[in-house]
Amino acid sequence: MTETFPTEELLSMMKKISLELSAQLELKLKTEDMSGVQVYFLAYILRHHKEGSCLTELCREVGVSKPTLSVLVKKLREKGYLCFQENPGDIRRKKILPTARLLDEGDEFLQKVSQMETEIYSIFSQKEKESLGCLEQKLLSWLTRLEQEESQNRQEVLLP
């Protein structure tokens, strides 16, 4: 059975979209002392985790590796926007929290992020946004399932 739709082109287009979105983050959100990615991550924290979250949960949610997110959090901690709260039951499991500085300056970040998001997605109707969201979720779920199966297969090979 031959494919009638060029899947290679779809994958290439998704990669290009990802790169262009990253460029837009830098163009629209970068400040004198912070990258656009840092600003966007702080807005994410304010929107979804004002009460804090652990690194593992944030990695899963934003789709980046622990080492990558650790570097980002470290930089934002050094700038006074994030802090850690120790977990008495498990010292390895620290909660990442917004600082008073982030809460004070957060409205400015959220406003810039909202403006950027509105501008980027202004080309879509509400129905198209909903359809795109459903398709993205479906693809992410499938990719996660494939990754879990591959990880399980690797573990089975390693077991005697």
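Residue numbers count from 1 along this sequence.
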Is L29 close to F109 at the side-chain level, that is, under 4.5 Å between some pair of heavy atoms? no
List the residues meeting side chain to side chain donor-acceptor pair (under 3.5 Å) with T144, not counting sequence neighbours, and say none if there are none. none
Which residue pairs satisfy the salt bridge (Lys or Arg N to Asp or Glu O under 4.0 Å) criterion with at least one member in residues 55-81, sequence neighbours excluded? none
Flag side-chain contact, heavy atom, 4.5 Å: L97 against I45: no
In Å and rounded to the nearest 0.5 Å, what is the NZ to CD1 distance from K129 to I123? 10.0 Å
Under 3.5 Å, sequence neighbours excluded: what are the donor-acceptor pairs made by side chains of residues 131-142?
| unit_1 | atom_1 | unit_2 | atom_2 | d |
| --- | --- | --- | --- | --- |
| S131 | OG | K127 | O | 3.1 |
| S141 | OG | Q137 | O | 3.0 |

Given S35, which partner from the list T31, V39, V37 fulfils the side chain to side chain contact (heavy atoms under 4.5 Å, CB included) test? V37
Taking a hydrophobic cluster as the set of Ile, Leu, Val, Met, Phe, Trp and Tyr residues connected by side-chain heavy atoms closer than 4.5 Å, whether directly or through intermediates, do V64 and L143 fall within one such cluster? no
Ring geometry between H48 and Y44 (parallel below 30°, tilted from 30 to 60°, perpendicular above 60°): tilted
Measuring from atom OG of S18 to atom CE of M14, what distance do you get when rounded to the nearest 0.5 angstrom? 10.5 Å
Side-chain atoms of residues 113-120: list all donor-acceptor pairs with protein atoms under 3.5 Å, sequence neighbours left out, distances to 0.1 Å.
| unit_1 | atom_1 | unit_2 | atom_2 | d |
| --- | --- | --- | --- | --- |
| S114 | OG | R47 | NH2 | 3.4 |
| S114 | OG | L110 | O | 3.0 |
| E117 | OE1 | R47 | NH1 | 3.3 |
| E117 | OE1 | R47 | NH2 | 2.8 |
| E117 | OE2 | Y40 | OH | 2.7 |
| E117 | OE2 | R47 | NH1 | 2.9 |
| T118 | OG1 | S114 | O | 2.8 |
| E119 | OE1 | K28 | NZ | 3.4 |
| E119 | OE2 | K28 | NZ | 3.2 |

Are the side chain of Q38 and the backbone of L72 linked by a donor-acceptor contact shorter than 3.5 Å? no
Drop me the distance from L55's CG to L69's CG, to the nearest 0.5 angstrom. 5.0 Å
Atom CD of E20 with >12 non-hydrogen neighbours under 6.0 angstrom: no
Might you point out which heavy atoms bring M34 and L42 nearest each other, and give the distance in Å? SD-CD1, 3.8 Å
Surrounding CD of E149 (heavy atoms of other residues, nucleotides or ligands, distance under 6.0 Å), is the total greater than 12? yes
Considering residues, nucleotides and ligands other than Y121, do more than 12 of their heavy atoms fall under 6.0 Å from its OH? no
Residues 97-109 vs salt bridge (Lys or Arg N to Asp or Glu O under 4.0 Å), sequence neighbours excluded, gives R101-E105
Distance from K94 atom NZ to C83 atom SG, nearest 0.5 Å? 12.0 Å
Check salt bridge (charged side-chain N to carboxylate O under 4.0 Å, His left out) between K112 and all other residues, then give those that pass, not counting sequence neighbours. none
Test log, rule side chain to side chain contact (heavy atoms under 4.5 Å, CB included), inputs L82 and F41: CA-CA 11 Å; L82 298 175; F41 182 71; 4.0 Å; yes
Do S12 and E8 make a side-chain contact, defined as non-hydrogen atoms from C-beta onward lying under 4.5 Å apart? no
Indicate the atoms forming the closest heavy-atom contact of S53 with H49, along with that distance. CB-ND1, 3.4 Å
Do you reckon V73 sits in the same ILVMFWY cluster as V71, going by side-chain contacts under 4.5 Å, direct or chained? no
For the atom pair CG (L46) and OH (Y81), what is the distance rounded to the nearest 0.5 Å? 11.0 Å
